[in-house]
Amino acid sequence: MGEWHRTHYCGEIGTGQVGAEVVVAGWVHRRRDHGGVLFVDLRDRTGIVQLVFNPDINPSAFSRADLVHSEWVIAARGKVQLRPAGMENPNLSTGAVEIYPNEVRILNTARTPPFYITDGDDVDESVRLRYRYLDLRRPALQRNIMLRHRIVKIIRDYFDSQGFLEIETPVLTRSTPEGARDFLVPSRLNPGTFYALPQSPQLFKQLLMVAGFDRYFQVVKVFRDEDLRGNRQPEFTQVDVEMSFPDRDEIFRHVEAMMAAVYKGALGIEIKTPFPRMSWQEAMDRYGSDKPDLRFGMAFVDLAAAAGKSTFEVFRRALATGGQVKGIVVPGGAAWSRKTIDQMENVAKDNGAGGLAWAAWGPDGVRSPVAKYFPEGIEAMLRAAGAAVGDLLLVAAGPAPVVARGLGAVRLAAGTQAGLIPTDQLAFTWVIDFPLFSYSEEEGRLVAEHHPFTAPHAEDMDLIDREPLRVRSWAYDLVLNGEELASGSIRIHRRDIQDKVFRALGFTQAEAQERFGFLLEAFEYGAPPHGGIALGLDRLVALMAGTGSIRDVIAFPKTSSGADLMVRAPAAVDKEQLDELHIRIKP
RNA sequence: GGAGGCGUAGUGUAGCGGUUUAACAUGUCGGCCUGUCACGCCGGAGAUCGCGGGUUCGAAUCCCGUCGCCUCCGCCA
């Protein structure tokens, strides 16, 4: 740039600068060469401004500009002028004006990029990831990354204003059982031992409460070595929060206020607080999911009474064995084709249900493959479901968890199919009173539904030994539009209760001591009651940015096989490095 | 770990019911063009069809394997 100093970002140039001499710098977005007059669109992170070069007006600037190509880096100094009448470009924020440079400096040349630096150019994601620094130049990703910054800034400001301290916790820590697979880091100084990267700063934040910091938060990377998805990365970012002497409402209030500040500050959207609450049991009973999408209705209806009057073997068997018969009503679904209904049945089957019964209540009567099993007529079941003429009733039967999962998936598919899910709504809800334990078929034992430090409800304490699956906990999730945004709990701070939970989870005293001894010991030195929550930042930003993939809001994401296609990680290392780490690769 | 989809000039696609000079668009290069903004017009170059093997007189095309990317299930306290 020499002695030049940029005076404006490209996107800042407007009618306010007309007549002024400005210096802009950026990338050549496009050049349009008309033989004589030459237009160069100059781009930076704020937008695009048009530079005009005319050989009759300024031959030296023209001949210099004539050299440039796409993505060259240039600076230009010149006067801002209103465009000639009729030449304005309404698609450009700077479209009312243009710059007539009297001097251009070529700051760097560029190879022709493998794809256009523009939105909407549908390039294979692996190509984009290989050249991520070019992909990131695209306006959509620039917007996402800037939005992410804004959101994080608001979150930090909010917690700071409320007396929370951001405290860093170790990245090299200790492997703990339960939960996801750990990423391991070999210790050179201690042969044969490994650090683990944190799945969350859970234990450290509890120790910070024991240490008396009272209100903690951290925007922190965490790591889980599990298979990936569009909204799952091996490393991702949490907003981790913990408080001493809280009650649950206080934690909810902070999260609600933080979310309100984020939506207002980053998108200008007012959201309504407090968020509604729903027990886990109700969520499962009515929506078949612990993260119900409440942007639309179609709640489950219990059809046991009506189904009990049928001779349909599937219904009778479900009810006789303590299971359920439940249905959802699709408004206007009676007009659906057989093919569409079959698709719904496939959704049910893909999600573990045996099948899907249905009854379409058309103007000419009811059409249903199971009508023949209803000696008194199937209309009674339709009425019990609250269906009206024109509606479609979809029914699943079986054990409660099977009905929940199968019909829950059908509800989402049918809601989407029927166009009932408004995309412009924000349906926040707290799901509370999760069960303390669930049963792991795989491990043949109880596992912690949230984590082993979650406090049980006091009135359910006596159930821990007798009916552990019925024990409710102080765990809660924040759900937005069917996605889990945050998850937390009030923790156990008493050693006797913690011991009881460990016993129920099948840990011996010795095992508990080996794995969590430091925490249990800390609790003996005056642990305050405490609790907190962790919010998935990437998902929140993705939702706010309107993208389905968190890869679009992470600057340098990994593929679904955990690879970074740009730096080509993971990669083999030298034998010398392995030797130092006392590691030998299995042949 | 399992299922499915995709892989052809730089990029996006067509060709896939077997024999083509592997087509189109865009980009790129050259020429022309003084108000465009996805500028336009003319011309050129650019692909051993992801990789390996098999079937066949003949394979981008069919079969097997493998690698990569994407989606879903399992998994993700």
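Source: prediction; values computed, not measured. Lettering of chains follows the sequences in order, A, B, ..., and the numbering in each one begins at 1.
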_Check: Asp56(A) side chain, U34(B) base, donor-acceptor under 3.5 Å_ =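 Counting by modelled atom types and ignoring angles, a donor-acceptor contact under 3.5 Å is found here.
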_Quick check: any donor-acceptor pair below 3.5 Å linking the side-chain of Arg229(A) to the base of G74(B)?_
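Flag set: donor-acceptor pair detected.
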Taking only the side-chain heavy atoms of [X] (C-beta and beyond), determine which of [options] contains the nearest atom.
X         : options                : answer
Glu125(A) : G10(B), C70(B), U28(B) : C70(B)
Ser560(A) : C76(B), C72(B), U71(B) : U71(B)
Arg30(A)  : A38(B), C69(B), G35(B) : A38(B)
Pro55(A)  : C69(B), C39(B), U34(B) : U34(B)
Asp227(A) : C29(B), A38(B), G74(B) : G74(B)
Asp124(A) : U36(B), C73(B), G12(B) : G12(B)
Thr112(A) : U71(B), U28(B), U36(B) : U28(B)
Arg83(A)  : U34(B), G10(B), C37(B) : C37(B)
Val127(A) : G12(B), U34(B), C69(B) : G12(B)
Arg224(A) : G12(B), C76(B), U36(B) : C76(B)

*Within the stacking criterion (centroid distance below 5.5 Å, interplanar angle below 30°), does Phe39(A) stack on U36(B)?*
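Here Phe39(A) meets both the 5.5 Å and the 30° conditions.
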Look at the side-chain N and O atoms of [X] and state whether any lies under 4.0 Å from the OP1 or OP2 oxygen of [N].
X         : N      : answer
Tyr116(A) : U26(B) : no
Ser126(A) : G7(B)  : no
Ser561(A) : C69(B) : yes
Arg32(A)  : U36(B) : no

[X] near the nucleic acid: base, sugar-phosphate alone, or nothing, with a heavy-atom cut-off under 4.0 Å?
X         : value
Asn54(A)  : base
Glu88(A)  : base
Glu484(A) : nothing
Thr118(A) : nothing

*G54(B) and U61(B), which share atom name P, separated by this distance in whole Å*: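 It works out to 14 Å between them.
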*Examine Arg30(A) relative to Tyr116(A) and say whether NZ or CZ is less than 6.0 Å from the centre of the six-membered ring and inside a 45° cone about the ring axis.*
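Yes, a cation-pi geometry.
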*Cation-pi between Arg515(A) and Phe507(A): NZ/CZ under 6.0 Å from ring centre and within 45° of the ring axis?*
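The answer is yes; both the distance and angle limits are met.
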*Arg224(A)/Glu235(A) salt bridge by N-O under 4.0 Å criterion*: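 Salt bridge flag = no for Arg224(A) with Glu235(A).
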